[in-house]
K.L.:
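There's a structure below that I have some questions on.
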Amino acid sequence: MKRSNFFLPTLKENPVDAKVASHRLMLRSGMVRQSSAGIYSWLPLGLMVLKNIESIVREEQDKISQQILMPTIQDAKIWKNSGRYSDYGKEMLKILDRNKKELIYGPTNEELVTEIFSNNVLSYKDVPMCLYHIQWKFRDEIRPRFGVMRGREFLMKDAYSFDLNEDDAIHAYNKMFINYLNIFKKMGLKAIPVKADTGPIGGDLSHEFVILAETGESKIFCDSNIFKQSIDNIDYEDKSLVSKIVKHWTSFYSSTQETLDENLYHSLVSSNNRIQKNAIEVGHLFYFGTKYSEPLNASVVNEDGNKIFVKMGSYGIGISRLIAAIIEVFHDEKGICWPESVAPFKVGIVNLRQNEKNCSDISQNIYEKLCSTGVAVLYDDRNEGAGSKLADMDLIGIPWQIRIGPKSLKNNCVELKQRNKNDEVEINISNIVNEVRKKIVKQ
RNA sequence: CGGGGCGUAGCGCAGCCUGGUAGCGCACCUGUUUUGGGAACAGGGGGUCGAGUGUUCGAAUCACUCCGCCCCGACCA
């Protein structure tokens with residue numbers, strides 16, 4: 001993509017309403033624009049990142065679940081049947097259609113997915129089943145803030161598992177647990193599972209996945225050893241291995257403010273391993289058994305011919321919130337520093353002297369070669385001052401920068417710089433494309 | 001929902017108290033000179049002053065009503 005053709009309205013100055021780094025940087029880098037309180041439009045750069053995160057989530061979830069797509073608008077009736085129509089209260093956006101039929105804009109999908117299941121799955125032979133979808137949700141938050149971190153409209157991946165018995169259901173829960181660790185790892189994040197409150201979703205087993213960040217809205221308490229643990233891809237059908245891994249991860253004390261047991265915390269974690277920090281919640285697992293399957297009559301007939309209600313769990317990841325969380329973790333005073341896996345472009349070319357033919361020819365040439373090898377590259381071909389082009393490139397956070405100017409062209413070289421490192425290296429023009437490709441593949 | 005604050009050009013703000021032709025910086029357009037960390041000069045465009053009602057010869061400015069947005073508290077991916 002050439003910058004001159006790319007819709008990227010960056011801002012030099014800080015919007016006064018944006019209080020946290022991620023919000024400020026998302027506005028300044030032209031990723032989003034606010035449309036209403038807690039409601040945002042996604043501009044090309046922001047949408048690219050959103051799609052990248054979505055792909056990572058999809059790739060992993062496909063290993064243990066099947067993707068569907070449910071509507072944003074739901075019939076209020078199923079919410080009345082589950083009893084949540086009133087429980088959810090004012091957070092739920094209620095709508096009347098032309099026939100005065102009551103609809104809602106979905107804040108989550110337990111009811112709807114349960115209805116789909118109950119209407120279409122009748123036999124124990126069709127479970128276990130796990131379905132997920134990635135869809136916009138709306139929760140009429142009392143106070144939306146911090147940009148997409150706590151928007152009212154947000155993109156969420158939510159998965160739902162259906163099992164015959166509690167043992168199988170826990171296995172589904174555990175698979176999701178490990179799947180989440182892998183998802184966040186792929187985004188360069190160190191997410192930690194925290195024992196959690198179940199909130200209005202309900203149930204008795206629940207973990208939040210959180211990312212440590214100054215601006216996080218919840219406080220967590222945990223054992224620092226949890227950060228030293230690693231996760232690998234595994235065979236999800238190996239029930240005992242899955243359970244063993246989850247047991248291992250949950251053996252380290254971690255809790256939110258709400259579930260903190262101070263005595264237990266102090267007895268299990270030595271004082272120099274205790275971490276008490278702000279964190280951003282980016283994922284949540286719930287096991288809630290038959291809480292929805294009973295009222296919504298989601299049952300299957302088992303081997304003995306008896307009708308049994310399925311045991312369910314639900315599992316969310318805040319896709320749009322993750323962007324904010326990633327920026328909170330990966331930024332500096334100049335702007336965003338994207339992890340490569342989610343970066344909108346892998347490489348940015350900064351032509352420092354657009355109106356010198358030599359610089360422009362070489363820039364254009366490198367740009368074309370990188371494009372033709374499938375590298376996502378943004379070429380800043382505008383006729384702007386070098387300073388402003390460099391500052392802009394730093395702001396939008398592309399991981400690799402190729403800087404092309406007279407200084408190094410004298411040596412037949414261009415400069416390669418990693419966004420989050422200070423050193424830049426001169427590389428011969430004839431090698432630059434291969435060098436960059438090697439670095440990108442290696443990561 | 002309680003408490004506080006703010007709505008004037010795309011962004012940041014002044015003007016309002018004390019009513020009298022709507023301003024500044026950045027951004028944008030044209031031209032020239034520039035170019036290694038957000039360039040300089042010259043010229044230019046852009047506003048139903050959040051909306052409505054009232055007071056007045058006259059309202060961005062005063063009064064009332066409504067709306068929107070932000071911040072602080074109790075809920076949540």
Side-chain angles (χ1 to χ4, degrees), chain A residues 9-20 23-24 27-28 30 33-39 53 57 87-92 106-109 134-159 180 191 196-201 206-211 216-218 256 258 279-286 314-325 333-335 350-356 359 380 382-395 401 403-410 414-415 417 424:
Chain A
T10 55
L11 305 171
K12 193 159 126 186
E13 287 163 65
N14 282 323
V16 74
D17 284 343
K19 310 290 176 192
V20 299
H23 188 197
R24 202 164 53 230
L27 290 170
R28 284 194 54 204
R33 287 295 181 261
Q34 179 166 322
S35 143
S36 198
I39 302 178
I53 290 175
V57 171
D87 289 358
Y88 233 95
K90 289 193 168 169
E91 288 227 336
M92 189 150 68
T108 178
N109 286 58
I134 295 174
Q135 178 64 288
W136 292 93
K137 307 289 191 291
F138 191 90
R139 293 182 192 171
D140 202 353
E141 294 277 347
I142 295 166
R143 189 146 91 82
R145 64 185 130 174
F146 303 156
V148 301
M149 185 106 89
R150 181 193 287 280
R152 292 194 295 171
E153 190 185 49
F154 57 96
L155 188 61
M156 181 163 94
K157 184 284 304 181
D158 40 329
Y180 274 28
D197 242 5
T198 51
I201 309 282
S206 178
H207 285 89
E208 283 178 13
F209 284 76
V210 302
I211 308 295
E217 293 184 89
S218 46
T256 60
E258 296 78 42
I280 301 167
E281 182 187 357
V282 291
H284 210 147
L285 311 180
F286 298 97
S314 74
Y315 318 93
I317 287 181
I319 307 251
S320 46
R321 175 181 283 182
L322 262 170
I323 297 189
E333 64 291 342
K334 290 175 179 168
V350 184
N351 181 356
L352 296 161
R353 296 283 179 91
Q354 192 62 36
N355 58 9
E356 283 183 26
C359 288
D380 192 344
R382 296 170 306 161
N383 195 10
E384 294 283 325
S388 99
K389 289 169 105 168
L390 290 168
D392 228 37
M393 197 57 89
D394 285 343
L395 174 64
Q401 298 177 358
R403 299 172 170 188
I404 297 162
K407 227 188 251 174
S408 46
L409 281 186
K410 272 189 293 203
V414 296
E415 294 134 47
K417 182 178 178 302
E424 60 179 51

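Letters A, B, ... are given to chains in the order of the sequence lines, protein chains preceding strands, and every chain is numbered from 1.
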K.L.:
Mind checking A/Lys157 for me? I need base, sugar-phosphate or nothing, with any heavy atom below 4.0 Å counting as a touch.
P.N.:
nothing

K.L.:
Between B/C71, B/A77, B/G38, which one does the side chain of A/Arg28 approach most closely?
P.N.:
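For the A/Arg28 side chain, the nearest candidate turns out to be B/G38.
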
K.L.:
With a 3.5 Å limit on both atom pairs, tell me what B/A74 is paired to, counting Watson-Crick and G-U wobble, or say none.
P.N.:
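WC or wobble partner does not exist here.
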
K.L.:
Let me know the distance between CD of A/Gln354 and C1' of B/G38, rounded to the nearest Å.
P.N.:
17 Å

K.L.:
Once you apply the 3.5 Å cut-off to both distances, tell me the Watson-Crick or G-U wobble partner of B/U18, or none.
P.N.:
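Because no pair has both required distances under 3.5 Å, B/U18 counts as unpaired.
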
K.L.:
Could you state the CZ-P distance from A/Phe146 to B/A77, rounded to the nearest angstrom?
P.N.:
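Those two atoms, CZ and P, are 17 Å apart.
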
K.L.:
Mind checking the P distance from B/U8 to B/G15? Whole angstroms is fine.
P.N.:
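B/U8 and B/G15 have their P atoms separated by 14 Å.
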
K.L.:
Have a look at A/Pro406 and say if it touches a base, only the backbone sugar-phosphate, or nothing, with a 4.0 Å heavy-atom cut-off.
P.N.:
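Here A/Pro406 touches the bases of the nucleic acid.
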
K.L.:
Provide, to the nearest angstrom, the distance between the CZ atom belonging to A/Arg24 and the P atom belonging to B/G12.
P.N.:
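Taking atom P of B/G12 as the reference, CZ of A/Arg24 is at 14 Å.
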
K.L.:
Is it true that A/Asp392 and A/Lys12 make a salt bridge, defined as a side-chain N closer than 4.0 Å to a carboxylate O?
P.N.:
no

K.L.:
Roughly how far apart, to the nearest Å, are B/C28 and B/A9 at atom C1'?
P.N.:
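Rounded to whole Å, the distance is 11 Å.
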
K.L.:
Name the closest nucleotide to the A/Asp17 side chain, picking from B/C75, B/C70, B/A74.
P.N.:
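It is B/C70.
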
K.L.:
Regarding A/Glu281, tell me which of base, sugar-phosphate or nothing describes its non-hydrogen contacts under 4.0 Å with the strands shown.
P.N.:
sugar-phosphate

K.L.:
Rounding to an integer number of Å, can you tell me how far A/Ile211 CD1 sits from B/A77 P?
P.N.:
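After rounding, the gap between these two atoms is 15 Å.
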
K.L.:
Minimum heavy-atom separation for A/Gln401 to A/Asp394, with atom names?
P.N.:
NE2-OD1, 2.7 Å

K.L.:
Give a yes or no on whether a donor-acceptor pair under 3.5 Å exists between the nucleobase atoms of B/G12, that is its base, and the side chain of A/Asn14.
P.N.:
no

K.L.:
Quick one: label A/Gly335 by what it contacts on the DNA or RNA (base, sugar-phosphate, nothing), any heavy atom closer than 4.0 Å.
P.N.:
nothing

K.L.:
Between B/G45 and B/C29, how far apart are the two P atoms, rounded to whole Å?
P.N.:
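It comes out at 15 Å once rounded to the nearest Å.
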
K.L.:
If the C1' atom of B/C16 is compared with that of B/C6, how far apart are they to the nearest Å?
P.N.:
14 Å

K.L.:
Please walk me through it: do A/Glu153 and A/Lys137 pass salt bridge (Lys or Arg N to Asp or Glu O under 4.0 Å)?
P.N.:
CA-CA 6 Å; A/Glu153 190 185 49; A/Lys137 307 289 191 291; over 6 Å; no

K.L.:
Determine, for A/Arg28 against A/Glu13, whether the closest basic-nitrogen to carboxylate-oxygen distance falls under 4.0 angstrom.
P.N.:
no

K.L.:
Does B/C6 pair with anything, Watson-Crick or G-U wobble, both distances under 3.5 Å, and if so, with which nucleotide?
P.N.:
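Result: B/G68.
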
K.L.:
What is the nucleic acid contact for A/Ser408, judged by heavy atoms within less than 4.0 Å: base, sugar-phosphate only, or nothing?
P.N.:
base

K.L.:
Given B/C69, B/G73, B/G37, identify the nucleotide with an atom nearest to the side chain of A/Ala37.
P.N.:
B/C69

K.L.:
May I ask which nucleotide in the shown strands pairs with B/G37, Watson-Crick or G-U wobble, both distances under 3.5 Å?
P.N.:
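For B/G37, the partner nucleotide comes out as none, under the 3.5 Å rule.
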
K.L.:
By nearest heavy atom, map A/Gly316 and A/Glu424 onto RNA chain B; which one lands nearer the 5' end?
P.N.:
A/Glu424

K.L.:
On RNA chain B, nearest-nucleotide positions of A/Ser35 versus A/Asp394: which is more 5'?
P.N.:
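Closest to the 5' end, via its nearest nucleotide, is A/Asp394.
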
K.L.:
Side chains of A/Gln135 and A/Met156: closer than 4.5 Å at any heavy-atom pair?
P.N.:
no

K.L.:
For B/C69, does either OP1 or OP2 sit under 4.0 Å from a side-chain N or O belonging to A/Ser36?
P.N.:
yes

K.L.:
Could you check how far CZ of A/Phe209 sits from C1' of B/A77, rounded to whole Å?
P.N.:
13 Å

K.L.:
Between B/A39 atom P and A/Glu384 atom CD, what is the distance in whole Å?
P.N.:
8 Å

K.L.:
Find the distance A/Arg353:CZ to B/G37:C1' and express it as a whole number of Å.
P.N.:
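Spelled out: CZ on A/Arg353 to C1' on B/G37 is 13 Å.
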
K.L.:
Once you apply the 3.5 Å cut-off to both distances, tell me the Watson-Crick or G-U wobble partner of B/G58, or none.
P.N.:
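Paired with B/G58, as far as the under-3.5 Å criterion goes, is no nucleotide at all.
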
K.L.:
Are A/Arg145 and B/C71 close enough that a side-chain N or O sits under 4.0 Å from OP1 or OP2?
P.N.:
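No.
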
K.L.:
Go through B/A77, B/C75, B/G36 for me and flag the one nearest to the A/Glu91 side chain.
P.N.:
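Nearest listed nucleotide: B/C75.
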
K.L.:
Closest approach to the side chain of A/Asp392, judged atom by atom: which nucleotide of B/G36, B/G38, B/A77 is it?
P.N.:
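Selected nucleotide: B/G38.
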
K.L.:
Indicate whether OP1 or OP2 belonging to B/A27 is found under 4.0 Å from a side-chain N or O atom of A/Lys12.
P.N.:
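Checking A/Lys12 against B/A27: at least one side-chain N or O falls below 4.0 Å of OP1 or OP2.
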
K.L.:
Pairing donors with acceptors under 3.5 angstrom, does anything connect the side chains of A/Ser218 and A/Glu281?
P.N.:
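Result is no, nothing qualifies.
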
K.L.:
Could you check whether A/Phe209 and A/His207 have their ring centres less than 6.0 Å apart?
P.N.:
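Between A/Phe209 and A/His207, which both carry aromatic rings, the centre distance is not below 6.0 Å.
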
K.L.:
Of the candidate nucleotides B/C26, B/A77, B/G38, which contains the atom at the shortest distance from the side chain of A/Glu13?
P.N.:
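The answer is B/C26.
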
K.L.:
Say whether A/Asp17 and A/Gln34, considering side chains only, have a donor N or O and an acceptor N or O under 3.5 Å apart.
P.N.:
no

K.L.:
Between B/G7 and B/C13, how many Å separate the two P atoms, rounded to a whole number?
P.N.:
9 Å

K.L.:
Would you call A/Glu141-A/Arg150 a salt bridge at under 4.0 Å N-O?
P.N.:
yes

K.L.:
Classify the nucleic acid contact of A/Lys19 as base, sugar-phosphate or nothing, counting any heavy atom under 4.0 Å across all strands shown.
P.N.:
sugar-phosphate

K.L.:
What integer distance in Å separates A/Asn109:CG from B/C76:P?
P.N.:
18 Å

K.L.:
Which whole number of Å gives the distance between the P atom of B/G5 and that of B/C64?
P.N.:
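Roughly 15 Å separates the two P atoms.
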
K.L.:
With no angle test and no hydrogens, is the base of B/G10 tied to the side chain of A/Arg33 by a donor-acceptor pair under 3.5 Å?
P.N.:
no

K.L.:
Does B/C71 have OP1 or OP2 under 4.0 Å away from a side-chain N or O of A/Arg143?
P.N.:
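Checking A/Arg143 against B/C71: at least one side-chain N or O falls below 4.0 Å of OP1 or OP2.
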
K.L.:
Determine the Euclidean distance between corresponding P atoms of B/G4 and B/G23; express it in Å to zero decimal places.
P.N.:
36 Å

K.L.:
Could you measure between the two C1' atoms, the one in B/C67 and the one in B/C24, and give it in whole Å?
P.N.:
29 Å

K.L.:
Look through every strand shown and name the nucleotide pairing with B/A42 as Watson-Crick or G-U wobble, where both distances are under 3.5 Å.
P.N.:
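With both distances under 3.5 Å, B/A42 matches B/U30.
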
